[in-house]
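By convention in this document, chain letters (A, B, ...) are assigned in the order of the sequence lines, proteins followed by strands, and residues within each chain are numbered from 1.
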Amino acid sequence: MSFINYSSREINCKIVYYGPGLCGKTTNLQYIYNKTSPDAKGKMISLATETERTLFFDFLPLSMGDIHGFKTRFHLYTVPGQVFYDASRKLILKGVDGVVFVADSQVERMEANLESLDNLRENLEDHGFDLDKLPYVVQYNKQDLPNAAPLDELKNLLNPTGVPDFSAVAVSGDGVFTTLKAVAKLVLLELKKRR
Amino acid sequence: MEVLYEEQYQAIQATVERLYQDSNAMAILLIDKNGQEIASAGEIEGLDTTSLSSLTAGNVAATGGIAKLLAEKEFTGQFHEGEHTNIHISIVAQRIILVVLFDQRTSLGLVRLRVRKASKDIQTLLEEMSQQQQQQSKPSIFEEITDADIDNLFNDD
């Protein structure tokens, strides 16, 4: 849930990167962390297993500039993608202001994408959120791979409601900031609408 | 959307400062359950309070998940003992996390005692705040912000 502090003049929001295992959620955050100047970011925290799979979450606090004298601060979180970590995934969605669904574009991961998308919708409903009413964008990651499905097909399957969507190659940073800015903007517009 | 106005912040900050003094702690942090820092007091220089807030909220959320599995409403407190620093975590009014960092200058008993008093004070403040917010709506910063302002924030490239 966004938190507006008139004393420190800050607008704080929470964005969650969701998606199937190994789709590139952590890679998105790592790229953002590496490319952001030190004064605009805090420490990136990864609660991961010994094999560098996300165990609970990654966390990256980020400043995205001032608006009317208020600092906009975004707390970026990823969820663990592996199916059996569902209880943890649900916890991280608590108080979310915006969601990025990171899809793995590889044809053979399509079922995992769909399963994760269903899971996102269900877990949001458990917190009383409706995905169709939340600031929400989709990223088709790993577009550089030879087995990536065509964009049209990905859009049809994974973005039936036509929310803003972006193709990406998170390891090289393509589309990473475009995705982040799009969701951050939707979050602020939503806050303005709800004032 | 949670909103904290200047005078409310001052009242909460005063309570947190008082707890810091009364408990002889190293530092006090007040965090919302989503991991946002609300107020802090004590020796916080060099302490990454943003990370601490996020991790503590994650910890409380996970512990809350365990409580649910065991059909408990919640586990209201946690205590971790370190070689130099100890941490006492408690939940106030089911929605705010109160963190006390302390060392050998004080004791767990005193911390617990002072936390109990501070929790009641914070709970009263929260109740007053929610009553105030229901009675009088203050102008929101978002009334001044236009869609164009939001656009401009992201038009740097």
Verify side chain to side chain contact (heavy atoms under 4.5 Å, CB included) between I38(B) and F3(A), making sure each step is shown before the conclusion.
CA-CA 9 Å; I38(B) 298 170; F3(A) 174 48; 4.1 Å; yes

Does atom CD (E143(B)) have a neighbourhood of more than 12 heavy atoms from anything else shown, all under 6.0 Å?
yes

For Y6(A) against E6(B), the heavy-atom pair lying closest together:
O-OE1, 4.0 Å

Pairwise side-chain contact, I4(A) with E2(B), heavy-atom cut-off 4.5 Å (strictly under)
no

How close do K192(A) and D147(B) get, heavy atom to heavy atom, and via which atoms?
CE-OD1, 3.2 Å

In terms of heavy-atom contacts, G35(B) and H75(A) come closest through O-CE1, 4.1 Å

Going only through I, L, V, M, F, W and Y residues with side-chain contacts under 4.5 Å, is there a path from V111(B) to L52(B)?
no

Portion of I45(A) that has a non-hydrogen atom of chain B nearer than 4.5 angstrom:
side chain

Residue selection (most heavy-atom pairs with chain B, distance under 4.5 Å) from K14(A), K43(A), H68(A), E10(A)
H68(A)

Flag yes if L93(A) and Y17(A) sit in one hydrophobic cluster, no otherwise; membership is Ile, Leu, Val, Met, Phe, Trp, Tyr, and two members link when side-chain heavy atoms are under 4.5 Å apart.
no

Interface moiety of A184(A) toward chain B, non-hydrogen atoms closer than 4.5 Å
both

Part of D66(A) lying under 4.5 Å from any heavy atom of chain B
backbone

Interface moiety of R73(A) toward chain B, non-hydrogen atoms closer than 4.5 Å
side chain

With rounding to the nearest 0.5 Å, note down the distance linking CD1 in I145(B) to CG in L188(A).
7.5 Å

Would you say the side chain of F57(A) lies within less than 4.5 Å of the side chain of S54(B), judging by non-hydrogen atoms?
yes

Part of S88(A) lying under 4.5 Å from any heavy atom of chain B
neither

Evaluation steps, side chain to side chain contact (heavy atoms under 4.5 Å, CB included), between M64(A) and F154(B):
CA-CA 8 Å; M64(A) 293 188 79; F154(B) 299 101; 3.6 Å; yes

Is I89(B) reachable from F102(B) through a run of hydrophobic residues whose side-chain heavy atoms are each under 4.5 Å from the next?
no

Using a cut-off of 6.0 Å, state whether more than 12 heavy atoms not belonging to H84(B) lie near its atom NE2.
no

Tell me, for I92(A) versus chain B, whether the close heavy atoms (under 4.5 Å) come from the side chain, the backbone, both or neither.
neither

Name the option with the most non-hydrogen atom pairs under 4.5 Å to chain A; the candidates are T50(B), D32(B), L55(B), I141(B).
I141(B)

Surrounding CD of E108(A) (heavy atoms of other residues, nucleotides or ligands, distance under 6.0 Å), is the total greater than 12?
yes

What part of F177(A) gets closer than 4.5 Å to chain B, counting heavy atoms only: side chain, backbone, both or neither?
neither

Treating Ile, Leu, Val, Met, Phe, Trp and Tyr as nodes and any side-chain heavy-atom pair under 4.5 angstrom as an edge, say whether M44(A) and L180(A) lie in one connected cluster.
yes

On a heavy-atom basis, which atom in N34(B) and which in Y77(A) lie closest, and how many Å separate them?
O-OH, 3.9 Å

Flag yes if V115(B) and I28(B) sit in one hydrophobic cluster, no otherwise; membership is Ile, Leu, Val, Met, Phe, Trp, Tyr, and two members link when side-chain heavy atoms are under 4.5 Å apart.
yes

Here the pair of heavy atoms bringing F59(A) nearest to S51(B) is CE2-CA, 4.3 Å

Under a 4.5 Å heavy-atom cut-off, does chain A meet the side chain of Y5(B), its backbone, both or neither?
both

CG of N59(B) to CG of L91(A): how many Å apart, nearest 0.5 Å?
11.0 Å

